[in-house]
2 protein chains.
Amino acid sequence: MTRPPPRQQASRNPPTQKQVAERAGVSQTIVSQVLNGQTDQARIHPETRARVLQAIRDLGYVPNAAARRLVGGRSSLVGVFTYEAVFPSSTRDFYAPFLEGIEEEAARSGLDLLLYTGGRGGRRLPRDLGARLSLTDGTLLLGRPSDQDRRELAALVHSGHPAVFIGRRTVPGADLTCVQADYASATAKLTRRFLARGHRELLYVGPPGPDESALDRERGFAQALDLARVERLEPGHLDHAWLRGALEGGITAFLLENDALMRRLLEVAREAGYTVPADFSAAVLGDAISGEAGDPTWSGLHVPRREMGRGAVQALRLLVAGEPAASTVFPCEIVVGATIGRGPAEAR
Amino acid sequence: MTRPPPRQQASRNPPTQKQVAERAGVSQTIVSQVLNGQTDQARIHPETRARVLQAIRDLGYVPNAAARRLVGGRSSLVGVFTYEAVFPSSTRDFYAPFLEGIEEEAARSGLDLLLYTGGRGGRRLPRDLGARLSLTDGTLLLGRPSDQDRRELAALVHSGHPAVFIGRRTVPGADLTCVQADYASATAKLTRRFLARGHRELLYVGPPGPDESALDRERGFAQALDLARVERLEPGHLDHAWLRGALEGGITAFLLENDALMRRLLEVAREAGYTVPADFSAAVLGDAISGEAGDPTWSGLHVPRREMGRGAVQALRLLVAGEPAASTVFPCEIVVGATIGRGPAEAR
DNA sequence: CTCCGTTGCTAATACGTATTGGCTTGGGAG
DNA sequence: CTCCCAAGCCAATACGTATTAGCAACGGAG
């Protein structure tokens with residue numbers, strides 16, 4: 001009872017253009033031209049075209065993507081490489097919106113996604129990545145590349161492979177297209193909001209080893225202030241003594257670089273008996289993934305991650321088409337949450 | 001200052017085996033054999049091999065995956081096709097563990113993942129999927145295919161393309177390898193647990209249009225009982241009147257097919273003033289994605305989705321290697337939550 | 001009539017790799 | 001010495017597609 005499904009040819013291997021051509025009584029060239037069609041160089045008789053299309057249907061022909069790619073064609077494949085593991089739930093929440101945007105725009109453009117699975121431990125751009133890259137039309141990159149990674153990345157860009165980084169990243173000696181959030185002006189705006197609420201002594205707190213994004217935020221912070229106080233410390237160093245010291249030093253508002261620091265700050269504050277925003281104010285400069293049920297909404301920036309994902313695919317499509325794609329900047333919105341209160345200088 | 005990175009050849013295109021061969025003073029054949037090595041048919045002089053390897057390093061050669069694939073080689077690519085959208089947060093929670101398992105095992109096996117992005121609206125296996133499939137060594141499938149989808153799937157399997165479905169699915173006239181959860185025995189076990197707690201009148205409730213998994217669950221339910229009562233209804237029909245009717249009919253325990261039904265049942269019960277598990281007991285037969293903060297833990301089954309994802313990759317690797325891979329069954333654990341209480345017949 | 005341009009097609013080639021069937025060289029057995 | 005075998009290498013070919021060059025037929029302009 002397991003009769004073979006219809007229009008499945010006896011041949012074990014999928015049919016080729018050659019077989020289609022034989023059936024239609026034409027040459028393989030014509031089959032290719034019927035399929036791609038764009039070359040107005042040669043016009044095809046409508047009747048011939050019909051015969052070819054019929055043969056294609058009869059045989060259930062589908063083009064071989066590998067062969068097509070080999071002759072310099074597009075594979076409609078976009079590689080996605082992440083310098084950190086994507087799926088563990090810790091980072092998944094962060095990367096998911098990017099991936100949503102990427103998937104959405106890729107689907108719209110008829111592109112599939114090639115997810116590079118990291119080697120066991122390290123998340124390095126693998127040595128043989130070139131081989132795997134050769135299947136794709138271009139590559140999207142996320143995460144935090146090391147210096148070594150950046151050098152390899154520079155070589156990749158220099159080889160002409162279209163690549164777009166999501167987040168502002170620079171590599172030595174190459175012009176890497178990025179899709180970035182406008183952290184600088186958003187941070188400046190947020191800082192001015194603190195000023196408007198009467199805060200005068202603000203402290204910017206971030207982890208050590210700032211990357212480009214962090215520097216943008218610092219820049220925006222400094223732009224809005226006469227005196228910009230910045231502290232970079234391990235999250236572990238953010239303890240009772242540190243907080244007390246800061247408050248006694250006159251600080252009334254904290255700008256935290258990521259939500260881990262925010263969480264830490266609120267926890268220390270609670271244990272020490274401080275109330276937010278009565279005793280001090282705070283805001284996160286990354287995307288607040290608070291959402292812990294019951295948590296008050298944190299103030300901070302909303303990074304349009306989904307839109308950035310979509311923009312990255314669009315930029316990559318330009319590069320693939322041979323047009324130069326400049327880096328794009330996406331504005332961030334300010335999230336007015338429950339962690340910003342009145343400062344000592346607010347006009348009543 | 002933008003001097004080209006080292007070991008990047010002047011040639012705009014990546015180096016080929018031919019260029020490596022020229023540099024090493026050998027033929028392209030030798031380069032290929034040095035790289036693949038396995039053919040003991042021809043042994044290569046150690047010195048020659050060294051020269052070739054040196055040339056490969058000098059030029060920064062990487063194999064062209066498309067060409068390799070074209071000649072019948074493996075691409076180390078596994079396709080992942082889902083009949084529903086993956087990234088929307090509603091379904092993401094459900095699919096994420098599968099993808100985690102897939103990614104984990106793929107990484108371990110040195111495989112990358114090709115995510116097929118769905119066409120605009122429908123999530124059908126696209127007509128030209130064959131073209132996109134041709135790049136992969138095999139394909140993993142998830143979701144709920146329609147009858148039409150199943151026919152196309154049958155053709156795919158019949159064409160010899162390795163494919164593994166995650167979840168038990170049957171297709172007409174083809175032997176589809178599946179990685180399935182052992183719903184039948186887990187449901188039977190859960191049902192016996194209800195019996196042990198003194199429940200005698202159990203009702204199985206599922207949505208209309210049961211798929212293979214649902215039938216397995218029904219089967220397990222029926223196995224454990226003399227009289228198995230099954231009701232299939234739209235979630236909207238589960239209202240006060242329905243619940244009252246069931247309880248007045250003597251039902252003391254409900255087995256719900258999915259968490260949407262469970263949520264609905266608990267909501268209706270709360271509004272009607274019933275208490276769970278005092279007034280009746282309940283359990284979910286799918287994976288309970290309760291986790292709503294504050295919710296009591298639901299009783300039900302734990303589907304080992306992560307392990308199933310890994311198992312699917314392993315099965316696919318077998319198929320790709322040419323060995324037949326039988327369908328695999330993964331046992332489900334029973335989750336003892338807060339929604340099962342004492343029944344009228346429990347021995348004290 | 002010749003010349004030329006157009007239409008509609010074919011033959012040939014290139015892409016980069018893996019594999020098959022030789023071809024040479026050297027050495028041991030007879 | 002001849003014969004044979006093995007080691008070590010190369011030339012040729014195939015994979016399926018896109019593209020370029022070119023060929024035959026035809027019709028209109030001159």
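The structure displayed is predicted, hence computed values, not measured ones. The chains referred to below are lettered A, B, ... by the order of the sequence lines, with proteins before strands, and numbering in each begins at 1.
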In whole angstroms, how far is the [atom2] atom of [N] from the [atom1] atom of [X]?
| X | N | atom1 | atom2 | answer |
| --- | --- | --- | --- | --- |
| B:H45 | C:dT25 | NE2 | C1' | 14 Å |
| B:E22 | D:dC9 | CD | P | 18 Å |
| A:I30 | D:dA21 | CD1 | P | 17 Å |
| A:R49 | C:dC9 | CZ | C1' | 13 Å |
| B:Q33 | D:dA7 | CD | P | 14 Å |

Margin query: For a quick test of reading the model: is some side-chain N or O of B:T48 closer than 4.0 Å to OP1 or OP2 of D:dC9?
Written below: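 Answer is yes, contact under 4.0 Å.
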
Check: Do the ring planes of A:Y83 and A:F165 sit parallel (below 30°), tilted (30 to 60°) or perpendicular (above 60°)?
Finding: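 It falls in the parallel class, under 30°.
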
Note to self: Filter on salt bridge (charged side-chain N to carboxylate O under 4.0 Å, His left out), then keep only pairs touching residues 317-327 of chain B, sequence neighbours left out; what's left?
What the structure shows: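 Sorted result for residues 317-327 of chain B: empty, none.
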
Check: Should the heavy atoms of other residues, nucleotides or ligands under 6.0 Å from CZ of B:R144 be counted, would the total exceed 12?
Finding: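 Counting other residues, nucleotides and ligands, CZ of B:R144 stays at 12 neighbours or fewer.
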
Notebook entry, point to check: Got a donor-acceptor contact below 3.5 angstrom from the A:S146 side chain to the A:D149 backbone?
Noted result: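 It does hold such a pair.
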
Margin query: If we ignore hydrogens and angles and just use 3.5 Å, is the side chain of B:R169 paired with the main-chain N or O of B:G143 as donor and acceptor?
Written below: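 Judged by distance alone, yes, a pair lies under 3.5 Å.
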
Next item on the list: Look at B:E212 together with B:R150 and state whether they make a salt bridge at an N to O cut-off of under 4.0 Å.
Entry: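 A salt bridge is present here (some side-chain N lies under 4.0 Å from a carboxylate O).
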
Check: NA contact type, A:V26, heavy-atom cut-off 4.0 Å: base, sugar-phosphate, or nothing?
Finding: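 Sugar-phosphate: the residue A:V26, judged by heavy atoms under 4.0 Å, touches backbone atoms but no base.
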
Check: Taking the side chain of A:R43 as its heavy atoms from C-beta onward, which of C:dT10, C:dT7, C:dC9 lies nearest to it?
Finding: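 Selected nucleotide (nearest to the side chain): C:dT7.
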
Next item on the list: State whether a side-chain donor-acceptor pair under 3.5 Å links B:Q148 with B:R151.
Entry: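 There is such a pair between these side chains.
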
Check: Among side-chain atoms of A:T328 and A:Q180, is any donor-acceptor pair under 3.5 angstrom?
Finding: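 No, A:Q180 and A:T328 have no side-chain donor paired with an acceptor closer than 3.5 Å.
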
Note to self: On DNA chain D, compare the nucleotides closest to A:G73 and B:P46; which residue's is nearer the 5' end?
What the structure shows: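 Result: B:P46.
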
Check: Closest approach of B:L53 and B:V34, non-hydrogen atoms and distance?
Finding: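 Scanning both residues completely, I find the closest heavy atoms to be CD2-CG1, 3.8 Å.
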
Sub-3.5 Å pairs of nitrogen or oxygen atoms, protein against nucleotides 12-17 of chain D:
{"unit_1": "D:dT17", "atom_1": "OP1", "unit_2": "A:Y61", "atom_2": "OH", "d": "2.5"}
{"unit_1": "D:dT17", "atom_1": "OP1", "unit_2": "A:N64", "atom_2": "N", "d": "3.1"}
{"unit_1": "D:dT17", "atom_1": "OP2", "unit_2": "A:Q17", "atom_2": "N", "d": "2.7"}

Check: the helix from C:dC1-D:dG30 to C:dG30-D:dC1: angle between its terminal axes, five pairs each, to 10°?
Finding: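 End-to-end axis angle for the helix from C:dC1-D:dG30 to C:dG30-D:dC1: 70°, rounded to 10°.
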
